[in-house]
Amino acid sequence: MDGQLFTWEALSAMGGASLLTFFVVQYTKSLFDRLTRGMLPTDIYAVGIAFIVLLAAQLATGANPDDWRVYGLALANAFLVA
């Protein structure tokens, strides 16, 4: 997997998750603002995107989807990543 910018392990780390979150939010925030009519701030949207990225990375690297701690930890870290 040489030459790839993102791997599941890189997305589990703060740097990789922050970079992907930044890209996704930057490319989709105007659409998000139009859909929500500006009712939800972009920073909350960024936390949601970070949560999805972190959760996907954790589940892809073998975390147990039945363990509630995976979701709690992904949400807590999403605020740092966003």
What pairs of donor and acceptor atoms, side-chain ones from residues 60-74 against any protein atom, are under 3.5 angstrom apart with sequence neighbours left out?
| unit_1 | atom_1 | unit_2 | atom_2 | d |
| --- | --- | --- | --- | --- |
| Thr61 | OG1 | Ala57 | O | 3.0 |
| Thr61 | OG1 | Gln58 | O | 3.1 |
| Asn64 | OD1 | Asp66 | N | 3.0 |
| Asp67 | OD1 | Arg69 | N | 3.2 |
| Asp67 | OD1 | Arg69 | NE | 3.1 |
| Asp67 | OD2 | Arg69 | NE | 3.2 |
| Asp67 | OD2 | Arg69 | NH2 | 3.0 |
| Tyr71 | OH | Pro65 | O | 2.8 |

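- Taking hydrophobic clusters as Ile, Leu, Val, Met, Phe, Trp and Tyr residues chained together by side-chain heavy-atom distances below 4.5 Å, Phe22 does not share a cluster with Val47.
- Separating the CG atom in Leu55 from the CG atom in Asn77 is a distance of 11.5 Å, to the nearest 0.5 Å.
- The list of salt bridge (charged side-chain N to carboxylate O under 4.0 Å, His left out) pairs with a residue in residues 32-57, not counting sequence neighbours, is empty.
- Partners of Leu75 by side-chain contact (heavy atoms from CB on, under 4.5 Å), not counting sequence neighbours, listed by chain and number: Phe51, Phe79.
- With sequence neighbours left out, Tyr45 forms a ring pair (Phe, Tyr, Trp, His ring centres under 6.0 Å) with Phe32.
- Contact record, Ala82 with Ala50: N-CB, 4.2 Å, taken as the closest heavy-atom pair.
- Residue Leu54 belongs to a hydrophobic cluster whose other members are Met14, Leu80, Val81, with links defined by side-chain heavy atoms closer than 4.5 Å.
- In this structure, CD in Gln26 is found 9.0 Å from OG1 in Thr42, a value given to the nearest 0.5 Å.
- Residues Ile49 and Leu40 fall within the same hydrophobic cluster, defined by Ile, Leu, Val, Met, Phe, Trp and Tyr side chains chained together at heavy-atom separations under 4.5 Å.
- Taking hydrophobic clusters as Ile, Leu, Val, Met, Phe, Trp and Tyr residues chained together by side-chain heavy-atom distances below 4.5 Å, Ile44 shares a cluster with Val53.
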